[in-house]
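Quick caveat, the model's predicted, so the values are computed rather than measured.
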Amino acid sequence: MRTRPATLDDLPALLALNAEQVHFLSPLDAPRLAHLHAQSAWHQVIEDDTGVCAFLLAFAPGADYDSPNYRWFEARGGRFLYVDRVVVGASAQGQGGGRRLYEALFAFAREAGFDAVVCEYDLDPPNPVSAAFHARFGFVEIGRQRANGKQVSMQAASVDGARR
(Lines give C-alpha, C1' and ligand atoms only; values in the text may rest on other atoms or scores of the structure.)
Protein backbone atom coordinates (compact mmCIF):
# COMPACT_ATOMS: atom_id res chain seq x y z
CA MET A 1 0.00 0.00 0.00
CA ARG A 2 1.27 3.42 -0.98
CA THR A 3 -0.03 6.86 0.05
CA ARG A 4 0.25 9.74 -2.41
CA PRO A 5 -1.49 12.99 -3.39
CA ALA A 6 -4.74 12.55 -5.32
CA THR A 7 -4.78 13.66 -8.95
CA LEU A 8 -7.55 14.43 -11.40
CA ASP A 9 -6.88 11.04 -13.01
CA ASP A 10 -7.95 9.40 -9.71
CA LEU A 11 -11.42 10.96 -9.70
CA PRO A 12 -13.26 8.07 -11.43
CA ALA A 13 -11.87 5.60 -8.87
CA LEU A 14 -12.75 7.97 -6.02
CA LEU A 15 -16.32 8.31 -7.28
CA ALA A 16 -16.62 4.52 -7.34
CA LEU A 17 -15.28 4.23 -3.78
CA ASN A 18 -17.63 6.97 -2.60
CA ALA A 19 -20.60 5.23 -4.24
CA GLU A 20 -19.63 1.95 -2.56
CA GLN A 21 -19.67 3.61 0.88
CA VAL A 22 -22.40 6.23 0.23
CA HIS A 23 -24.53 5.01 3.15
CA PHE A 24 -21.90 6.68 5.41
CA LEU A 25 -21.28 9.69 3.14
CA SER A 26 -22.98 12.20 0.92
CA PRO A 27 -23.27 11.34 -2.78
CA LEU A 28 -20.81 12.85 -5.27
CA ASP A 29 -20.78 13.35 -9.01
CA ALA A 30 -17.76 14.12 -11.18
CA PRO A 31 -18.14 17.95 -11.33
CA ARG A 32 -18.66 18.19 -7.56
CA LEU A 33 -15.67 15.98 -6.79
CA ALA A 34 -13.46 17.98 -9.18
CA HIS A 35 -14.52 21.18 -7.38
CA LEU A 36 -13.84 19.67 -3.95
CA HIS A 37 -10.47 18.39 -5.13
CA ALA A 38 -9.55 21.91 -6.29
CA GLN A 39 -10.67 23.44 -2.97
CA SER A 40 -9.01 20.87 -0.71
CA ALA A 41 -6.07 21.63 1.52
CA TRP A 42 -5.11 17.94 1.63
CA HIS A 43 -6.34 15.17 -0.64
CA GLN A 44 -4.49 11.87 -0.54
CA VAL A 45 -5.14 8.37 -1.82
CA ILE A 46 -3.88 4.93 -0.99
CA GLU A 47 -3.27 2.51 -3.78
CA ASP A 48 -2.53 -1.18 -3.66
CA ASP A 49 -1.85 -3.73 -6.38
CA THR A 50 -5.39 -3.30 -7.72
CA GLY A 51 -5.39 0.52 -7.83
CA VAL A 52 -6.78 3.28 -5.62
CA CYS A 53 -8.47 1.69 -2.60
CA ALA A 54 -8.87 4.60 -0.15
CA PHE A 55 -8.84 8.39 0.05
CA LEU A 56 -9.12 11.29 2.47
CA LEU A 57 -10.31 14.77 1.52
CA ALA A 58 -9.73 17.69 3.93
CA PHE A 59 -10.35 21.44 3.86
CA ALA A 60 -8.85 24.44 5.61
CA PRO A 61 -10.84 27.54 6.58
CA GLY A 62 -11.80 29.71 3.63
CA ALA A 63 -12.61 26.93 1.17
CA ASP A 64 -15.49 27.39 -1.27
CA TYR A 65 -17.47 24.54 0.22
CA ASP A 66 -21.18 24.56 1.07
CA SER A 67 -21.25 21.60 3.49
CA PRO A 68 -23.28 22.55 6.58
CA ASN A 69 -20.85 20.56 8.73
CA TYR A 70 -17.78 22.33 7.31
CA ARG A 71 -19.54 25.67 7.76
CA TRP A 72 -20.35 24.78 11.40
CA PHE A 73 -16.63 24.49 12.11
CA GLU A 74 -15.71 27.52 10.00
CA ALA A 75 -18.21 29.69 11.91
CA ARG A 76 -16.35 28.85 15.13
CA GLY A 77 -13.00 30.02 13.75
CA GLY A 78 -9.56 28.67 14.40
CA ARG A 79 -6.81 27.01 12.41
CA PHE A 80 -8.24 23.60 11.59
CA LEU A 81 -8.29 20.94 8.92
CA TYR A 82 -11.78 19.58 8.31
CA VAL A 83 -11.99 15.93 7.26
CA ASP A 84 -14.83 15.88 4.78
CA ARG A 85 -14.58 12.20 4.01
CA VAL A 86 -12.29 9.28 4.55
CA VAL A 87 -13.24 6.32 2.39
CA VAL A 88 -11.71 2.86 2.48
CA GLY A 89 -13.01 0.41 -0.10
CA ALA A 90 -14.52 -2.84 1.14
CA SER A 91 -11.65 -4.87 -0.33
CA ALA A 92 -9.09 -2.85 1.67
CA GLN A 93 -10.87 -2.54 5.02
CA GLY A 94 -9.07 -3.87 8.07
CA GLN A 95 -5.63 -3.29 6.56
CA GLY A 96 -4.81 0.01 8.28
CA GLY A 97 -5.59 2.34 5.38
CA GLY A 98 -7.74 4.71 7.43
CA ARG A 99 -5.10 4.86 10.16
CA ARG A 100 -2.38 5.49 7.59
CA LEU A 101 -4.34 8.37 6.03
CA TYR A 102 -5.06 9.96 9.42
CA GLU A 103 -1.43 9.67 10.54
CA ALA A 104 -0.30 11.41 7.35
CA LEU A 105 -3.01 14.08 7.75
CA PHE A 106 -1.98 14.81 11.35
CA ALA A 107 1.69 15.06 10.31
CA PHE A 108 0.74 17.51 7.54
CA ALA A 109 -1.43 19.51 9.97
CA ARG A 110 1.42 19.85 12.48
CA GLU A 111 3.93 20.87 9.79
CA ALA A 112 1.52 23.38 8.23
CA GLY A 113 0.70 25.07 11.56
CA PHE A 114 -2.88 23.92 12.06
CA ASP A 115 -4.10 23.55 15.65
CA ALA A 116 -6.73 20.87 15.20
CA VAL A 117 -8.19 18.27 12.91
CA VAL A 118 -11.99 18.30 12.95
CA CYS A 119 -14.70 16.05 11.56
CA GLU A 120 -18.14 14.69 12.24
CA TYR A 121 -19.63 11.25 12.32
CA ASP A 122 -23.18 9.97 12.42
CA LEU A 123 -25.02 9.50 15.69
CA ASP A 124 -28.37 8.83 14.03
CA PRO A 125 -28.00 6.46 12.37
CA PRO A 126 -25.17 5.38 14.69
CA ASN A 127 -21.68 4.67 13.42
CA PRO A 128 -19.82 3.00 16.33
CA VAL A 129 -16.90 1.93 14.14
CA SER A 130 -16.19 5.56 13.23
CA ALA A 131 -16.63 6.66 16.86
CA ALA A 132 -14.04 4.12 18.07
CA PHE A 133 -11.63 4.92 15.22
CA HIS A 134 -11.73 8.66 15.95
CA ALA A 135 -11.37 8.16 19.71
CA ARG A 136 -8.03 6.45 19.06
CA PHE A 137 -6.80 9.70 17.50
CA GLY A 138 -7.90 11.81 20.46
CA PHE A 139 -11.09 13.23 18.95
CA VAL A 140 -13.65 14.57 21.43
CA GLU A 141 -17.15 15.85 20.86
CA ILE A 142 -17.42 19.65 20.80
CA GLY A 143 -21.04 19.85 19.63
CA ARG A 144 -23.86 18.20 17.73
CA GLN A 145 -25.98 19.20 14.82
CA ARG A 146 -28.66 17.85 12.55
CA ALA A 147 -27.65 18.16 8.91
CA ASN A 148 -28.70 16.39 5.74
CA GLY A 149 -31.26 14.33 7.67
CA LYS A 150 -28.70 12.96 10.13
CA GLN A 151 -27.72 13.74 13.70
CA VAL A 152 -23.94 14.12 13.81
CA SER A 153 -21.29 14.47 16.49
CA MET A 154 -18.91 17.36 15.79
CA GLN A 155 -15.43 16.21 16.75
CA ALA A 156 -12.01 17.86 17.22
CA ALA A 157 -8.52 16.57 18.00
CA SER A 158 -5.43 18.60 18.78
CA VAL A 159 -2.67 17.99 16.24
CA ASP A 160 -0.17 17.79 19.10
CA GLY A 161 -2.10 15.30 21.23
CA ALA A 162 -3.23 12.80 18.61
CA ARG A 163 -3.03 9.19 19.77
CA ARG A 164 -2.96 6.14 17.55
> Is there a path of hydrophobic side-chain contacts, each under 4.5 Å between heavy atoms of I/L/V/M/F/W/Y residues, joining Val87 to Leu36?
yes
> How long is the gap from CG on Leu56 to CG on Leu14, to the nearest 0.5 Å?
11.0 Å
> Hydrophobic cluster membership, with links at side-chain heavy-atom distances under 4.5 Å among I/L/V/M/F/W/Y: are Tyr70 and Phe55 in one?
yes
> Identify the two heavy atoms, one from Ala147 and one from Asn69, that lie closest to each other, and give their separation to 0.1 Å.
CB-OD1, 3.7 Å
> Are any of the side-chain heavy atoms of Glu74 and Phe80 separated by less than 4.5 Å?
yes
> Atom CG in Leu28, atom CG in Leu33: separation rounded to 0.5 Å?
5.5 Å
> How many angstroms lie between atom CG of Leu105 and atom CZ of Phe114, to the nearest 0.5 angstrom?
9.0 Å
> I need the Phe137 CZ to Glu103 CD distance, nearest 0.5 Å.
5.0 Å
> What distance do Trp72 atom CH2 and Glu120 atom CD have between them, rounded to the nearest 0.5 Å?
10.0 Å
> Mind checking who shares a hydrophobic cluster with Val88, ILVMFWY linked at side-chain heavy-atom distances under 4.5 Å?
none
> How close do Ala54 and Leu17 get, counting heavy atoms only, and between which atoms?
N-CD1, 3.7 Å
> Does the side chain of Met154 come within less than 4.5 Å of Val118's, by heavy atoms?
no
> Establish whether Tyr121 and Phe106 are linked, either directly or via other cluster members, by ILVMFWY side-chain heavy-atom contacts under 4.5 Å.
no
> Considering non-hydrogen atoms only, spot the tightest contact between Met1 and Cys53 and give its length.
CE-SG, 4.0 Å
> If I compare all heavy atoms of Phe73 with all of Cys119, which pair ends up nearest, and what's the gap?
CZ-O, 3.2 Å
> For Gly113 and Arg79, work out which heavy atoms get closest and say how close.
O-NE, 3.1 Å
> Which pairs of donor and acceptor atoms, one on a side chain in residues 38-46, lie under 3.5 Å apart (sequence neighbours left out)?
| unit_1 | atom_1 | unit_2 | atom_2 | d |
| --- | --- | --- | --- | --- |
| Gln39 | OE1 | Asp64 | N | 2.7 |
| Ser40 | OG | His37 | O | 2.8 |
| His43 | ND1 | His37 | ND1 | 2.8 |

> Is it true that a side-chain atom of Arg144 and a backbone atom of Gln151 form a donor plus acceptor pair closer than 3.5 Å?
no
> According to a hydrophobic-cluster definition based on side-chain heavy atoms being under 4.5 Å apart (Ile, Leu, Val, Met, Phe, Trp, Tyr only), do Val152 and Leu123 belong together?
no
> Does anything in residues 28-52 form a salt bridge (Lys or Arg N to Asp or Glu O under 4.0 Å)? List the pairs, not counting sequence neighbours.
Arg2-Glu47, Arg4-Glu47, Arg32-Asp66
> Ile142 and Tyr82: same hydrophobic cluster, using ILVMFWY side-chain contacts below 4.5 Å?
yes
